[in-house]
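One structure below.
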Amino acid sequence: MTQSLISPSSPEYLDRLNPEQREAIETTEGPLLILAGAGTGKTRVLTTRFAHILLEGRARPYQILAVTFTNKAAREMRERVGALLGETADGLWLGTFHALCARMLRRHAEYVGLTTGFTILDTDDQIRLVRQIMEPFRLDTKRWPPQALLGVFQRWKDRGLTPGQVTPAEDTDFAGGHARKLYAAYQDRLKAVNACDFGDLMLHTLEILRTQPDVLAQYHRLFRYILVDEYQDTNTIQYLWLRLLAKRDHGPSNIACVGDDDQSIYSWRGAEIENILRFEKDFPGAKVVRLERNYRSTAQILAAASGLIAHNSDRLGKTLRPGREDAQGEKVQIISVWDSDEEARITAGAIERLRAEGHPLSQIAILMRAGFQTRPFEERFLTLGLPYRVVGGLRFYERAEIRDAMAYMRVLAQPADDLAFERIINVPKRGVGAAGLQKLHHEARLLNAPLSVGVAHALETGMVKGKGREALGGLMEAFQRARETRESEGHVVASEQLLEDSGYLQMWRDDKTPEAPGRLDNIKELLRAIGDFASLEGFLEHVALVTETEDKASADTVSLMTLHGAKGLEFDTVFLPGWEEGVFPSQRSLDEGGLKSLEEERRLAYVGITRARKRAVILHAARRRIYANWQDSMPSRFIDEIPADTVEHSGQAMQERRQLAAQSSIFASGPLTSTRGGYGRPAPRVTDVVADASHGIAIGARVFHQKFGYGTVLAVESDRLHINFEKAGEKRIMAHFVEQVS
DNA sequence: GCTTTTTGGGTTTTT
DNA sequence: CCCAAAAAGC
């Protein structure tokens, strides 16, 4: 990439772009949809477009609204735009939907009953709050878990619905039809404590833009151009927000959205693929530019991925073409293995061989459907001493000790932050339990003051006695001293002092569990990070909006991550394990969302394959351990959907499996003879088996199992039997593992 | 109020 | 199987 400042008259930054990319950049006026397939230079187009608008003098930096989904994408765009312009651009409206909304909301908070210093709650706070509002309703928290209720609220918020806008018909049967009332109560409570949850950042901002024409007009004047990344992942409220800002009474909407309908994988989080599918209707006269030249992957990989995604029906239609003229590349390997342990063994072995050939480990990734699938790989890598890292596992700011420490900071910055105060009032133990807390809450409510004031009052009036009195007094003093220190020596010193004086650090020093030292390190890291910010408020805002910490220097390690986590990344070699029916596509997905979900799973598979630059290896196991017992599994339908001429099969397991299957009655009726490329088409699909339930074993039948002996069938779930064994107790067994006896 | 036992549930999770 | 959260016990 060119680093030097480019003069507008000779735009050499446009030189090495293909015609479609140029069109996407040079069409600055009017609505534009850029359909950018995987690896077609999307980020480059977006950032160059941003710079192009500035360099042509069409707008000042702050007049462009640029929206991304992740902080990472925002950071990257900021850096690359800065590089193109040869300067660091400040004051940009460039960020995630939530960060941009937070910025707007702080300016106009009073319109929705908040003050500019409102706190942004984390998920722990939200759950605690939901639990509080549920209490008077006396609901069974087993049947209606607070998390689930919060999920209902969130889905409403994703659709831009305030409590008043949720129609009675919308009110699900959740919580006995009380969900709407609970939602209203939750929102009231948030306002009462001057707080916002994540969804509120958007909901409140949308509300302000909807109801305050002058505010909206102000932003209309400000933003001349709007750029949106990952448009296929926008949900309804984000769409409404964008449309409000883009549509104006006079003049065209200079909104450019970049996205790929084939990479929409977040519908379960409220993303509406419809948003991208109907863009041209929403913005009449919109121009559509397709970026189809892929510069990332080999022709074989592209053909495999394209063939797979062609099985989806709801598509805008795009064909990835190889942008590079070099080698055709290797075929996509499909390896059949016996079980999940062999899968890990073979993968690790292949990686060791690649490593010996000089392949950097940092260019290898193992991408799976679900987080727990990393386990066998980790075990194998540990025994081999192969360096790896699990990406996106437990995140820094979600660790308990970090949230605790953050709560201390929040109270320091904002004594009225009751939820934060509540979190740490008894951490470390200060003898305040549920009952004591109740009393203190009551006291605060009588004074119509925050909880911390209630505590101070309770201490003065002698309400609290004994040990608790001493401990709580110490806590209040620690906060008092920290506030003084903050005045005199700044927020960094004050923060550390607070954690020390409150006894929080000592609590972990006294903790003898093996995790304690690591936790102390994390807290140290947190204190270090505070120093990067000019104020405590700035730090808190950052943490509230950013969940991950910046990637540390990328060591030479294999990356293990979920397919979702891999979106936007690329590697030379990609391993895709667990391509089995029920695992991928995930059974639960299929059960809940039917065909739509299947298509989303297929897009996920497409995302997985297109991460690979040179080599993609798909694996599937004949049986997999699920919780306690082994379960047989069939190859994923996606394997069959990849064009046969782009793949290469190997592995013994399927052959053995076929022999085994031939012996057992359940598979006997299946077409086991047809072969394709030396690879036997496996036994019929699980769904086929379900359809005919050919084992013919009924409830109450007496059966014999090689290992567990004799038992009685309690329940039949298609091909799985729930059996009460005389010696071994109750087990779930695949029907073909037992034989019926009389 | 705190610790232990039981039970129940178990995808994906950019913000 | 393995973890988290609720219920029971001290």
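Just so it is clear, the model here is predicted, and its values are computed rather than measured. Heavy-atom basis, side chains included; hydrogens, waters and symmetry copies ignored. Numbered from 1 within each chain, the chains take letters A, B, ... in sequence-line order.
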| said: I'd like the C1' distance from B:dT11 over to C:dA6, given in whole Å. | reply: 24 Å
| task | Check whether any side-chain heavy atom of A:Phe638 lies under 4.5 Å from a side-chain heavy atom of A:Glu641, and answer yes or no. | result | yes
| By ring pair (Phe, Tyr, Trp, His ring centres under 6.0 Å) - contacts of A:Phe118 (at least two apart) | none
| request: Would you please confirm or rule out a distance under 4.0 Å between OP1 or OP2 of B:dC2 and any side-chain N or O of A:Asn426? | output: yes
| Heavy-atom closest pair, residues A:Gln232 and A:Val258 | OE1-O, 4.4 Å
| query | OP1 or OP2 of C:dA6 sitting under 4.0 Å from any side-chain N/O of A:Arg131? | reply | yes
| task | Rounded off to whole Å, could you give me the CG-to-C1' distance for the A:Asp200 and B:dT15 pair? | result | 13 Å
| message | To the nearest 0.5 Å, what is the distance between CD1 on A:Ile237 and CG on A:Leu206? | response | 5.0 Å
Listed pairs, N/O of protein and of nucleotides 8-10 of chain C, under 3.5 Å:
none

| remark: The salt bridge (Lys or Arg N to Asp or Glu O under 4.0 Å) partners of A:Glu580 (sequence neighbours excluded) come to A:Arg624
| message | Does A:Asn71 reach a base, just sugar-phosphate, or nothing at all? Heavy atoms under 4.0 Å. | response | sugar-phosphate
| request: Starting at atom CD1 of A:Ile425, determine the distance to atom C1' of B:dG1, rounded to an integer number of angstrom. | output: 14 Å
| Where DNA chain B forms stems, i.e. three or more consecutive Watson-Crick or G-U pairs with both distances under 3.5 Å | B:1-10 with C:1-10
| query | Quantified in whole Å, what is the C1' atom distance between nucleotide B:dT12 and nucleotide C:dA5? | reply | 23 Å
| message | Please tell me whether A:Phe153 and A:Tyr186 form a close aromatic pair, meaning their ring centres lie under 6.0 Å apart. | response | yes
| said: Under 4.0 Å, counting only non-hydrogen atoms across every strand here, what does A:Ala73 touch: a base, just sugar-phosphate, or nothing? | reply: nothing
| note | Here the distance between atom P of B:dT15 and atom CE of A:Met104, to the nearest Å, is 19 Å
| message | Using whole Å, what does the distance between atom P of nucleotide B:dT15 and atom CG of A:Asp125 come to? | response | 18 Å
| message | Give me each pair satisfying salt bridge (Lys or Arg N to Asp or Glu O under 4.0 Å) with a member in residues 429-442 of chain A, each pair once, sequence neighbours excluded. | response | none
| query | Using a cut-off of 4.0 Å between protein heavy atoms and nucleotide atoms, how would you tag nucleotides 3-13 of chain B 5' to 3' with B, S and -? | reply | S----S-BBBB
| task | Give A:Gly568 one of three labels, base, sugar-phosphate or nothing, depending on what nucleic acid heavy atoms sit under 4.0 Å from its own. | result | nothing
| request: For the residue pair A:Tyr397 and A:His542, categorise the inter-ring angle as parallel (less than 30°), tilted (30 to 60°) or perpendicular (more than 60°). | output: perpendicular
| said: Side chains of A:Lys567 and A:Asp233, heavy atoms from C-beta outward: is any pair under 4.5 Å? | reply: yes
| field | Check: A:Thr68 and A:Glu76 side chains under 4.5 Å, non-hydrogen atoms | value | no
| When you measure from the side chain of A:Glu601 to the backbone N and O of A:Ser586, does any donor-acceptor pair fall under 3.5 Å? | yes
| query | Starting at the 5' end of DNA chain B and moving along, which residue's nearest nucleotide shows up first, A:Gly433 or A:Thr70? | reply | A:Gly433
| remark: Rounded to whole Å, the CZ-C1' distance (A:Arg624 to C:dC1) equals 15 Å
| task | Starting from C1' on C:dA4, measure out to CD1 on A:Ile127 and report it in whole angstrom. | result | 12 Å
| request: May I ask you to decide if A:Thr162's main-chain N or O and A:Gln187's side chain share a donor-acceptor pair within less than 3.5 Å? | output: no
